[in-house]
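Report on one structure; see the data block that follows.
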Amino acid sequence: MSNPILRAAHVSKHYTIGERRAVVLNDITLALEPGEFTVISGASGSGKTTLLTILSGLDKPSIGRVWLAGKDITDLDENGLAPLRNRLIGFVFQAFHLVPSLTSLENIMFPAELNRDPDAVEKASHLLQRVGLWERRHNRPEQLSGGEKQRVAICRALVNNPRLIFADEPTGNLDSENSREVVELLLELQQEFNTTLLLATHSRSIADRADRILTLHDGRLVDDGLPS
Ligand SMILES: Nc1ncnc2c1ncn2[C@@H]1O[C@H](COP(=O)(O)OP(=O)(O)O)[C@@H](O)[C@H]1O
Ligand SMILES: [Mg+2]
């Protein structure tokens, strides 16, 4: 029996700009099984970020519904969504989005503290050690390389032990060596923490590692398959 961690039914998103209606997502239906590593591929502008944003409840679809861990989140307001998101989802972004005034350790602790987790320090410390950045614990983001920032961001995404990780072009700002390391780390941690990973990327070599590739073209899901 299939028991998807995430489900979307007939999701569309459009924006009205003056007289023009731009259709950014067009009738997307999908389900993700627990533990799967799924890549969303597609050209720039095909709707990858918009889809991630809607699936994670950061934005609403114009049409359609989204279920997260079996719960219909489509009509929830921010007060209902924020705690659910914080508990169930970890985010990794292309531009890292670390808090500049906080140290590595504090950035990682932040989502756990929002959850009033008494073990926030311990969990963040453990993760920093796990990714080999313990000696960087007191450094702020500006004192870290791109690859180091992304490793800290990955720790932050994992600190609440989420069921799902959403990664939007996580290697887009990294050179090839750091990209490889970050992808390896994401995949290792996905296994260790037994999370579902949904990752948007242009990169063919990352897509080749996926269990499944969803391809977007002009907001439509045009392919759902295995790496070739
Ligand atoms: N807030 C918005 N208003 C109008 N158009 C938008 C908005 N957000 C995204 N778009 C448009 O939606 C399309 C898909 O964008 P996006 O989801 O960022 O694609 P991708 O991540 O694949 O590059 C683009 O054409 C973009 O211009
Ligand atoms: Mg994008």
Side-chain angles (χ1 to χ4, degrees), residues 6-32 36-66 68 73-78 81-82 85 89-98 146-147 149-150 153-154 156-157 162 164-176 178-180 182-183 186-187 190 196-225 227-228:
L6 183 76
R7 200 153 76 78
H10 304 293
V11 163
S12 294
K13 181 74 176 178
H14 40 76
Y15 295 101
T16 307
I17 306 157
E19 301 279 88
R20 225 182 104 252
R21 202 173 83 127
V23 180
V24 173
L25 293 177
N26 197 335
D27 197 24
I28 307 266
T29 293
L30 58 83
L32 299 184
E36 258 187 351
F37 168 31
T38 301
V39 156
I40 303 177
S41 87
S44 183
S46 59
K48 301 183 298 298
T49 296
T50 307
L51 181 59
L52 285 182
T53 306
I54 288 173
L55 294 179
S56 58
L58 287 169
D59 196 5
K60 298 288 184 197
S62 307
I63 307 170
R65 308 204 78 78
V66 177
L68 187 56
I73 63 165
T74 318
D75 298 324
L76 287 183
D77 64 10
E78 190 51 27
L81 267 169
R85 227 170 19 226
I89 304 179
F91 291 92
V92 180
F93 304 94
Q94 175 171 355
F96 319 123
H97 294 312
L98 296 171
K149 279 187 244 196
Q150 200 59 304
I154 290 169
R156 178 184 57 183
L164 275 153
I165 301 171
F166 285 72
D168 193 1
E169 316 240 13
T171 63
N173 280 346
L174 303 178
D175 61 30
S176 58
N178 276 299
S179 295
R180 231 185 340 267
V182 157
V183 170
L186 267 173
L187 294 183
Q190 183 220 351
T196 306
L197 176 60
L198 184 61
L199 185 153
T201 185
H202 293 105
S203 161
R204 193 65 241 173
S205 61
I206 298 178
D208 282 338
R209 309 286 303 274
D211 298 316
R212 180 182 178 195
I213 306 175
L214 302 173
T215 307
L216 285 180
H217 183 75
D218 290 343
R220 286 179 187 276
L221 190 55
V222 294
D223 194 32
D224 178 351
S228 47

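Because the structure is a prediction, the values reported are computed rather than measured. Ligands are counted one by one from 1 in listed order, and the atoms in each one are counted from 1 as well.
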* For K60 and T74, work out which heavy atoms get closest and say how close. => NZ-O, 2.9 Å
* T50 N/O/S atom closer than 2.8 Å to the Mg ion (ligand 2) -> no
* **Within the 4.0 Å heavy-atom sphere of ligand 1, strictly under, residues** => Y15, I17, V24, A43, S44, G45, S46, G47, K48, T49, T50
* Of L51, V92, L55, which is the lone residue that meets side chain to side chain contact (heavy atoms under 4.5 Å, CB included) with F166? -> L55
* **Smallest separation among heavy atoms of K13 and S62, with atom names** => CA-OG, 3.4 Å
* Structure fact -> Between F91 and A157 the two heavy atoms that sit nearest each other are O-CB, 3.6 Å
* Only one of T38, T215, I213, L214 passes side chain to side chain contact (heavy atoms under 4.5 Å, CB included) with D224; say which it is. => L214
* Taking C-beta and beyond as the side chain, do N173 and Q150 meet within less than 4.5 Å on heavy atoms? -> no
